[in-house]
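Indexing begins at 1, ligand by ligand and atom by atom, following the structure's order. Just so we're clear, the structure is a prediction, and the values are computed from it rather than from any experiment. Hydrogens, waters and symmetry mates are skipped; everything else that's a heavy atom, side chains included, is used.
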Amino acid sequence: MKFGTRLVHFNAAPGDPNHPMVTPIYQTATFEQENADTFGPYDYSRSGNPTRKVLEDQLAALEGGARAFAYSSGMAAISSVTHLLTAGDEILADWDLYGGTSRLFAQVLQRSGVRVVLSDANDLERFAAAITPATKMVYVESPTNPLLRVLDLSGLAKIAHDRGTLLCVDSSAMSPYLQRPLALGADIVIHSGTKFLSGHSDVMAGAVIVAEEALAREMYFLQNAEGTALAPFECFLVLRGLKTLKLRMDAQQRNTRLIASYLKTHPKVASVLYPGDPDHPGYVLQHKQANGAGALISMRLPSAAAAKQLAESLRLFKIAVSFGSVTSTVSIPAAMSHASVAPEHQKTREIPRDLLRLSIGIEDSEDLLADLEEQLTRI
Ligand SMILES: *Cc1c(COP(=O)(O)O)cnc(C)c1O
């Protein structure tokens, strides 16, 4: 079956004698045991829940992984993955990371003695040279957020594996419809399920999908031990959102292509960062390793004041953090999602204050273009 079919045809309620079309919400904390010393498939929802199991199995299938795990947020997913490491271990990460990830890496991991080294993963040779015997994980996003640089995931998998370290890819900006890092050699894929997976800005969720069973056992241990799993109702919402992933992303990408080419020639726009633009330095790589360029556009305005004025005057693009919703949004990453970047990490990364990030929704493109046209003439 092809991807769009698999989004709606899967075992929605394994073992349920009523054969519901939609996965029931098993809103229960505990499950009755037959005897004191025999356990059924479920005993306690922190350890396992049928609604969560359906979501996790579907995510594993869509990403092509051995197993998936659902968490209460994308950050909970990332945090759990970092607990694979112990004191003295290092993470080598690309410097362009989601702001919350930077904060976790800079201000939380050090408490457990895990060091994070940042480098430029666009320069594979230099990046590989930063791997040390202590490096236990290479951590990247592609396309990066918010600068939308494209990283060579197969190349990174090779240098990571040559040095006996894991490659972990945060693929939130793409979703499994557009990019499947495990097939490119990654060991771990992370998603903020709050973004494209659910797609409606109505649920916070995170996911980890792993390539191999040995890693799955470790992740399951952590998910159960730390109690970070996603609650049944939230699992239901992500499962519902996932069914329209292809429809939404096709529509969002169509709008994004139109808007990016409009902005590219607009005299008030200094530059457009969009991996679907043939002039983008990562264009060829993006189309080799992914099935599309996504629905995010970053653009630079002539000044920080112009960026702020445009963000605040657009009517259909709501000012909001996050991305991937059916509703278009605009953000100023330097002041919003990436304001949490720790000072020591700011030295290594520059997010221009004149940078706006647009997340394109499913509205009629004419309305989005008219809104941009009207407000751009005023700045
Ligand atoms: C939003 C986001 C996260 C964090 O996810 P939450 O669901 O907000 O906790 C992680 N990585 C990327 C790339 C994101 O955009």
Side-chain angles (χ1 to χ4, degrees), residues 55 59 63 68-82 91 93-109 116 118 121 137 139-151 153 168-176 178-179 181 186 188-209 223 226 228-231 234-235 237-238 241-242 249 252 273 275 290 293-298 320-325 327 329-334 336-342 345 349 351 355 357-360:
L55 171 62
L59 289 171
E63 284 285 358
F69 303 90
Y71 299 87
S72 56
S73 71
M75 286 319 303
I78 297 169
S79 178
S80 189
V81 164
T82 66
I91 296 177
D94 178 59
W95 56 270
D96 193 10
L97 294 171
Y98 172 69
T101 307
S102 290
R103 176 171 53 197
L104 179 83
F105 282 5
Q107 292 173 266
V108 181
L109 283 194
V116 179
L118 300 181
M137 184 179 289
Y139 188 101
V140 298
E141 302 173 9
S142 186
T144 65
N145 174 24
L147 298 179
L148 301 177
R149 290 154 56 243
V150 180
L151 303 183
L153 298 180
C168 178
V169 178
D170 181 336
S171 198
S172 301
M174 291 276 93
S175 87
L178 298 184
Q179 175 171 282
I188 303 173
V189 174
I190 292 179
H191 282 286
S192 167
T194 316
K195 314 288 167 57
F196 288 106
L197 296 186
S198 53
H200 294 71
S201 296
D202 55 6
V203 59
M204 302 251 7
V208 169
I209 304 97
Q223 186 196 44
E226 300 184 316
T228 46
L230 191 62
E234 272 70 11
C235 291
L237 285 175
V238 179
L242 264 178
M249 290 213 83
Q252 287 172 268
L273 311 177
L296 300 178
I297 301 172
S298 288
V321 292
S322 194
F323 59 76
S325 180
T327 315
T329 56
V330 58
S331 73
I332 303 178
M336 297 166 62
S337 51
H338 290 68
S340 55
V341 174
H345 279 206
R349 66 178 297 158
I351 298 191
L355 185 85
R357 189 188 68 201
L358 301 177
S359 173
I360 311 297

Point-to-point distance, once rounded to the nearest 0.5 Å, from [atom1] of [X] to [atom2] of [Y]:
X    : Y    : atom1 : atom2 : result
S192 : M75  : OG    : CE    : 9.5 Å
M204 : Y71  : CE    : OH    : 15.5 Å
T194 : D202 : OG1   : CG    : 10.0 Å

Identify the closest protein heavy atom to [atom]: which residue and atom is it, and at what distance?
atom                    : result
atom 11 (N) of ligand 1 : D170 OD2, 2.6 Å
atom 8 (O) of ligand 1  : M204 CE, 3.7 Å
atom 4 (C) of ligand 1  : Y98 CE2, 3.4 Å
atom 7 (O) of ligand 1  : T194 OG1, 2.6 Å

Next on the checklist: Residue-level breakdown please: for A173 versus ligand 1, do any non-hydrogen atoms fall below 4.0 Å on the side chain, on the backbone, on both, or on neither?
Outcome noted: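 A173 to ligand 1: no contact under 4.0 Å from either part.
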Check: [Y] and [X] side chains under 4.5 Å, non-hydrogen atoms:
X    : Y    : answer
L230 : V238 : yes
L104 : I78  : yes
N145 : D170 : no

Next on the checklist: Show me which atoms of ligand 1 lie under 4.0 Å from any heavy atom of I78.
Outcome noted: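 The list of qualifying atoms is 10 (C).
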Item to check | N145: numbered ligand 1 atoms lying under 4.0 Å from its heavy atoms | outcome: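 Reading through ligand 1 atom by atom, the close ones are 15 (O).
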Next on the checklist: Can a donor-acceptor pair be found, under 3.5 Å and without considering hydrogens, that links the side chain of E141 to the backbone of Y98?
Outcome noted: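 Checked: pair present.
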Checklist entry - Looking only at side chains, do S171 and Q179 share a donor and an acceptor under 3.5 Å apart? => result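 Present: a donor and an acceptor within the cut-off.
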Below 3.5 Å, N or O to N or O, backbone or side chain included: is there any such pair between [X] and ligand 1?
X    : value
S192 : yes
M75  : yes
G74  : yes
K195 : yes

Checklist entry - Any heavy atom of I190 sitting closer than 4.0 Å to ligand 1? => result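 Heavy atoms of I190 never come under 4.0 Å of ligand 1.
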Checklist entry - Would you call A205 a ligand 1 contact, heavy-atom distance under 4.0 Å? => result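 It does; at least one heavy atom falls under 4.0 Å.
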